[in-house]
Protein chains: 2
Amino acid sequence: MSENVGRWLRDEIEDAILSYEFAPGERLDETVLANRFGVSRTPVREALMQLDAIGLIEIRPRRGAVVIDPGPHRIYEMFEVMAELEGLAGSLAARRLDNTSREAITATHSRCEQSAGAGDSDAYYYDNEEFHKAIYAASRSDFLEEQCVQLHRRLRPYRRLQLRVRNRLSTSFSEHCAIVDAIFAGNGDEARRLLRTHVGIQGERFSDLVASMASR
Amino acid sequence: MSENVGRWLRDEIEDAILSYEFAPGERLDETVLANRFGVSRTPVREALMQLDAIGLIEIRPRRGAVVIDPGPHRIYEMFEVMAELEGLAGSLAARRLDNTSREAITATHSRCEQSAGAGDSDAYYYDNEEFHKAIYAASRSDFLEEQCVQLHRRLRPYRRLQLRVRNRLSTSFSEHCAIVDAIFAGNGDEARRLLRTHVGIQGERFSDLVASMASR
DNA sequence: AACGTCATTCTTGTATACACGAATGTTGAC
DNA sequence: GTCAACATTCGTGTATACAAGAATGACGTT
């Protein structure tokens, strides 16, 4: 449990939303949440305020909080921005790479190789996350890293859906290889381009996303 | 005053921070704020929670809230991300431009022309803001627009400092012209490139920023 | 004189109580 | 039978009270 109940609740509710335990559009009753977590309404409200500021829920004055339902179109927009930010991170990483970052990228990359080779999509899901975070860190831009991590977190559930798609695992990993090559070669423009297409969801991948969302 | 005291306070405190009334590093005492605004501590705390989530202040458990002090380096990083996002907005705007957006851009652009011609840096400051917002909207990506507006807001005070620099007004406006041309010509890559350099702070402009920050 | 320990005080964190607006269900009229 | 007005209920918004941890200062010891 975090330092104080408010933050703990924020993380707890955030996780519940990102894992669809609290479905999009669902109403979040303060009293119910307070009882469920065995605390008073005060920290619950504080947690909700923060989630509202982050953009995960919407608090309509006097009318309670509801989980935001980002339709396929908005999710596409979020991936579009994510692609842009990751592209920037990649290009900076290529320019500024040092030994520490290089090793972190290599380590996470080879872990991806293992889980992709084993066809373990759950393991790959985590390793992939670490790989991308290694690139954010390698950008040496704290602000960019924070923005990337936050957006990455919000997109987590949809990323997971994507990995279920047939052949996506090996495709993803081979894209990683090219990205690593570009970064290690110091080719910022290439790293940017590759990351943009790796992260963005164009063409049939968007239809896949819509389909997998609809099937839930 | 907004719908509820909490939100009102959030905006109020946010403005106070962005206008340096609450200086970076300053401690924000809940009781003092409550007295100052004539409310109880509860809504003050809720406002602070939100500002913490946005990243304007930092709340250290049991040790109170302090206004975050983004040093020159971090501000540079923020402009770097802003440049990237605006570049994306510009490129999308060029592709998706419709009559409504076209008119909005034209209108705000000519207002910039007037204030720049008059050498009125305060007026230009506002008109420039509207011009950029018109481009965000023209991107037709709600999420991107929100992100841009939010970051733009956080960078507002530094932008203001920048405009004070000699000749910056006319330089800025002539860059606008090129940007408008690129967007209207449907040249997304060019719009992106121009916006990136327009928004980013490279070379001597960074030194200018540091200097103007130090002189406060 | 300097440092460490303890007590006091001050501020934050949480709970509870109360006020007010919104939602809802009921009753009456057309 | 339907719709509208009103009352009731329920949930949010704010204030206050209480608990607990951190900062501060005084006192004693080395």
Side-chain angles (χ1 to χ4, degrees), chain A residues 1-18 20-70 150, chain B residues 1-18 20-70 150:
Chain A
M1 170 142 46
S2 189
E3 295 103 340
N4 58 23
V5 181
R7 290 185 186 216
W8 170 65
L9 275 177
R10 168 171 59 76
D11 296 341
E12 208 71 18
I13 298 174
E14 182 178 357
D15 285 343
I17 291 173
L18 291 180
Y20 291 119
E21 192 180 340
F22 296 144
E26 183 176 337
R27 174 112 182 276
L28 296 179
D29 187 300
E30 296 176 359
T31 311
V32 172
L33 288 172
N35 290 336
R36 164 172 174 157
F37 292 105
V39 297
S40 83
R41 273 180 51 221
T42 307
V44 171
R45 284 182 61 79
E46 295 188 341
L48 292 181
M49 291 274 142
Q50 293 181 68
L51 294 174
D52 178 72
I54 293 172
L56 271 175
I57 67 174
E58 184 189 354
I59 299 182
R60 296 161 306 175
R62 288 253 171 226
R63 303 187 56 211
V66 293
V67 179
I68 283 196
D69 181 7
Q150 192 176 330
Chain B
M1 168 139 51
S2 190
E3 296 103 339
N4 59 21
V5 181
R7 292 185 184 215
W8 170 64
L9 276 177
R10 167 171 60 77
D11 295 341
E12 207 71 19
I13 299 174
E14 182 177 358
D15 285 344
I17 291 174
L18 291 180
Y20 290 120
E21 192 181 338
F22 295 143
E26 182 175 340
R27 174 112 179 276
L28 296 179
D29 187 302
E30 296 176 359
T31 310
V32 172
L33 288 172
N35 290 336
R36 164 172 176 159
F37 291 105
V39 297
S40 85
R41 272 179 53 224
T42 307
V44 171
R45 282 181 61 79
E46 295 189 340
L48 292 180
M49 290 277 147
Q50 294 182 69
L51 293 174
D52 178 72
I54 293 173
L56 271 174
I57 67 173
E58 185 188 354
I59 299 181
R60 297 161 306 176
R62 291 250 169 227
R63 302 186 60 211
V66 293
V67 179
I68 283 197
D69 181 9
Q150 191 177 331

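Per chain, numbering begins at 1; letters A, B, ... match sequence-line order.
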Nearest to the side chain of [X] - [options]?
X: B:T42; options: C:dT12, D:dA15, C:dG13; value: D:dA15
X: B:E46; options: D:dT14, C:dA15, C:dT14; value: D:dT14
X: A:P43; options: C:dA15, D:dA17, D:dT14; value: C:dA15
X: A:V39; options: D:dA15, C:dA15, C:dT14; value: C:dA15

Is there a side-chain contact between [X] and [Y] (heavy atoms, below 4.5 Å)?
X: A:F22; Y: A:L56; result: no
X: B:E14; Y: B:D11; result: yes
X: A:E46; Y: A:N4; result: no
X: A:L28; Y: A:L51; result: no

Using whole Å, what does the distance between atom [atom2] of nucleotide [N] and atom [atom1] of [X] come to?
X: A:E30; N: C:dA15; atom1: CD; atom2: C1'; value: 14 Å
X: A:L48; N: D:dT12; atom1: CG; atom2: P; value: 9 Å
X: A:F37; N: C:dT14; atom1: CZ; atom2: P; value: 14 Å
X: B:I59; N: C:dT11; atom1: CD1; atom2: P; value: 16 Å
X: A:D29; N: D:dT9; atom1: CG; atom2: P; value: 18 Å
X: A:N4; N: C:dA15; atom1: CG; atom2: C1'; value: 15 Å
X: A:L28; N: D:dG13; atom1: CG; atom2: P; value: 13 Å
X: A:R41; N: D:dT16; atom1: CZ; atom2: P; value: 17 Å

How far apart are the closest heavy atoms of B:R60 and B:V66, and which atoms are they? NH2-CG1, 3.5 Å
In terms of the nearest nucleotide of DNA chain C, which residue is placed more toward the 5' end: A:P61 or A:G38? A:G38
Within the structure, does a side-chain N or O atom of B:R45 lie under 4.0 Å from either OP1 or OP2 of C:dT12? no
Under 4.0 Å between any heavy atoms, over every strand shown, what does B:R63 touch: base, sugar-phosphate, or nothing? Just pick one. sugar-phosphate
Examine the base of C:dG13 for any acceptor or donor lying under 3.5 Å from a partner atom in the side chain of A:R7, and report the outcome as yes or no. no
